[in-house]
Amino acid sequence: MPGRFALYASAEQLADIFSVQLPEKVVPRYNISPSQQVAVIRNLGGENHLDFMKWGLVPSWADDMAIGYKLINARSETVFEKNSFKRAIRTRRCLVPISGFYEWQSSGSAKTPFYISMADNKPFALAGIWEQWKNPDGSIIETCAILTTTPNRLIETIHDRMPVILHPQEYSVWLDREVSDPATLKQLFKPYPAEVMTAFQVSTIVNSVRNDGEECIIKVDSQDDTGLLFN
DNA sequence: CCAGACGTTGTT
DNA sequence: GTCTGG
DNA sequence: CCAGACGTTGTT
DNA sequence: GTCTGG
């Protein structure tokens, strides 16, 4: 997956880490869901830009935007082969800056949300692709999706997939529109090292997209989903 | 050739 | 637009 | 990803 | 159960 993430870094922090020119003001978000506007970083004209677009990729040939609800993730193993992604992966790649993401651990019918981030709590980048779709009214809609891969040793205890997280030294090649060679890009599709990441259980408050407060990332004890009420 | 799909996750 | 299935 | 709807007619 | 909305 993931199907939910958070971004609460300051514009200054993002400018520093992602070499973004004139970052727009980024409002802290703790529960970013599919179909919502997300921040992405693209390289346009040799400079990195921070833009906002809808999460859920709508290919140029789509009849309507509904398909975007399905295309929030792209498997890195097959992204060069799938009709919906093959054009974007070659020439329209982006970084999706986040503070952390959520994964739900299934046990029988129970689903327990976990918040996963870097141990140093710094923002990092997911590998993303983006598209343009022409609305019948003539407007251009920009959308994006994130790549997934196999989990690392930390995340495999929670879930069987994780997003492709890029190392800072990989940002420039990922954003370089001159690069389109699958072999080169596939080298980036590996699980991020578990040693520098951390995960903890959070309240099911995050289950509802209507909740976008800091309480989404408050740690709760195992077996105690009501942590917020009693802490 | 044309028609129809184009995706992932999770669950069975 | 491009691929798969029939 | 999860939550919530799943519908039409008629009226405003 | 399945689709849509967020």
Side-chain angles (χ1 to χ4, degrees), chain A residues 1-7 27 29-39 52-92 96 98-117 126-136 140-151 155-165 180 182 189 191 199-213 215-217 220 225 228:
Chain A
M1 306 184 264
R4 214 60 70 84
F5 59 82
L7 175 62
V27 178
R29 301 284 308 281
Y30 301 94
N31 192 348
I32 298 170
S33 334
S35 87
Q36 296 182 341
Q37 294 292 114
V38 302
F52 289 86
M53 57 179 68
K54 186 183 167 84
W55 183 17
L57 193 121
V58 181
S60 58
W61 42 260
D63 294 327
D64 57 60
M65 291 195 70
I67 193 172
Y69 283 102
K70 300 177 181 176
L71 307 184
I72 62 172
N73 295 158
R75 291 178 66 90
S76 61
E77 296 91 334
T78 55
V79 68
F80 285 96
E81 294 136 41
K82 298 294 184 181
N83 284 339
S84 297
F85 305 134
K86 61 199 306 179
R87 277 155 66 92
I89 189 61
R90 286 179 169 275
T91 60
R92 287 188 293 275
V96 181
I98 71 172
S99 299
F101 59 93
Y102 302 93
E103 294 284 15
W104 279 259
Q105 181 183 61
S106 287
S107 179
S109 60
K111 288 185 176 179
T112 307
F114 284 78
Y115 179 72
I116 301 155
S117 61
L126 305 185
I129 54 180
W130 60 277
E131 267 287 358
Q132 288 187 334
W133 180 73
K134 193 171 183 181
N135 209 25
I140 299 296
I141 310 282
E142 292 190 322
T143 61
C144 64
I146 59 176
L147 303 203
T148 63
T149 185
T150 51
I155 294 167
E156 71 181 1
T157 64
I158 301 168
H159 200 69
D160 63 353
R161 300 292 289 173
M162 71 177 281
V164 173
I165 299 170
S180 63
F189 302 160
F200 54 82
Q201 186 180 332
V202 293
S203 164
T204 53
I205 282 174
V206 76
N207 288 11
S208 173
V209 298
R210 301 186 317 190
N211 300 327
D212 188 27
E215 63 270 24
C216 290
I217 55 169
V220 300
D225 188 45
L228 244 201

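Quick note on labels: first sequence line is chain A, next is B, and so on, each numbered from 1.
In terms of phosphate contacts, A/Thr78 brings a side-chain nitrogen or oxygen within less than 4.0 Å of OP1 or OP2 of B/dT8. Checking the phosphate oxygens (OP1, OP2) of B/dT9, a side-chain nitrogen or oxygen of A/Arg161 falls inside 4.0 Å.
A gap of 24 Å separates the C1' atoms of B/dA5 and E/dG5, to the nearest Å. When the C1' atom is compared between E/dT2 and B/dT8, the two are found 16 Å apart, to the nearest whole Å. Rounded to whole Å, the C1' atom of B/dT9 lies 9 Å from the corresponding atom of D/dC1. Straight-line distance between the P atoms of E/dG6 and B/dG4: roughly 31 Å, to the nearest whole Å. Rounded to a whole angstrom, the distance from the P atom of B/dT12 to that of D/dC2 is 13 Å.
Remark: side-chain polar atoms of A/Ser106 are not paired, donor with acceptor, to backbone N or O of A/Lys111 under 3.5 angstrom. Judged purely by atom type and a 3.5 angstrom limit, A/Tyr30 has no side-chain atom pairing as donor or acceptor with the backbone of A/Ile217. Between the A/Arg29 side chain and the A/Leu7 main chain, no donor and acceptor come within less than 3.5 Å of each other. At distances below 3.5 Å, at least one donor-acceptor pair connects side-chain atoms of A/Thr143 with backbone N or O atoms of A/Val58. Judged by distance alone, the side chain of A/Asn31 and the main-chain N or O of A/Ser208 form a donor-acceptor pair under 3.5 Å. Side chain of A/Asn211 to backbone of A/Val206: no donor-acceptor contact under 3.5 angstrom is found. The main-chain N or O of A/Ile72 is found under 3.5 Å from a side-chain atom of A/Trp55 such that the two form a donor-acceptor pair.
Across the protein-nucleic acid pair, A/Leu147 atom CG and B/dT9 atom P stand 11 Å apart, rounded to whole Å. A straight line from CZ of A/Arg90 to P of C/dT2 spans 12 Å, rounded to a whole angstrom. Atom C1' of nucleotide C/dT2 and atom CZ of A/Phe80 are separated by 17 Å, given to the nearest angstrom. Rounded to whole angstrom, the span from the OH atom of A/Tyr69 across to the C1' atom of B/dT9 amounts to 18 Å. Following rounding to the nearest Å, A/Leu71 (CG) and B/dT9 (C1') show an atom-to-atom distance of 13 Å. Atom CD of A/Gln105 is separated from atom C1' of B/dT9 by 16 Å (rounded to the nearest Å). Between A/Lys70 atom NZ and E/dT2 atom C1' the separation is 11 Å, expressed in whole Å. Going from atom CD1 of A/Ile158 over to atom C1' of B/dT9 covers 16 Å, rounded to whole Å.
If you check every strand for non-hydrogen atoms under 4.0 Å, A/Ile72 touches a base. Across all strands shown, A/Ser84 has heavy atoms under 4.0 Å from sugar-phosphate atoms exclusively, and none from any base.
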Is there a side chain to side chain contact (heavy atoms under 4.5 Å, CB included) between A/Ile140 and A/Asn135? Walk through the geometry before answering.
CA-CA 6 Å; A/Ile140 299 296; A/Asn135 209 25; over 6 Å; no

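Contacts of A/Phe52 classified as ring pair (Phe, Tyr, Trp, His ring centres under 6.0 Å), with partners at least two apart in sequence or in another chain: none. Listed by chain and residue number, nothing satisfies the side-chain hydrogen bond (donor to acceptor under 3.5 Å, both in side chains) test with A/Glu81 (two or more places apart in sequence, or in another chain). Taking A/Phe85 as the reference, nothing meets the ring pair (Phe, Tyr, Trp, His ring centres under 6.0 Å) condition, with sequence neighbours excluded.
When each of A/Glu131, A/Met53, A/Met65, A/Gln132 is checked for a side chain to side chain contact (heavy atoms under 4.5 Å, CB included) with A/Ile141, only A/Met65 meets the rule.
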Which atom pairs link the protein and nucleotides 2-6 of chain D when you take only N or O atoms and keep those under 3.5 Å?
{"unit_1": "D/dC2", "atom_1": "OP1", "unit_2": "A/Lys111", "atom_2": "NZ", "d": "3.4"}
{"unit_1": "D/dC2", "atom_1": "OP2", "unit_2": "A/Lys111", "atom_2": "NZ", "d": "3.0"}
{"unit_1": "D/dC2", "atom_1": "O4'", "unit_2": "A/Arg4", "atom_2": "NH2", "d": "3.2"}
{"unit_1": "D/dC2", "atom_1": "O3'", "unit_2": "A/Asn207", "atom_2": "O", "d": "3.3"}

Can you pull every protein N or O that's under 3.5 Å from an N or O on nucleotides 3-6 of chain C?
{"unit_1": "C/dC3", "atom_1": "OP1", "unit_2": "A/Lys86", "atom_2": "NZ", "d": "3.2"}
{"unit_1": "C/dC3", "atom_1": "O4'", "unit_2": "A/Asn83", "atom_2": "OD1", "d": "3.4"}
{"unit_1": "C/dC3", "atom_1": "O4'", "unit_2": "A/Asn83", "atom_2": "ND2", "d": "3.4"}

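With pairs defined as Watson-Crick or G-U wobble and both atom distances under 3.5 Å, the stems of at least three pairs that touch DNA chain B come out as B:1-6 with C:1-6.
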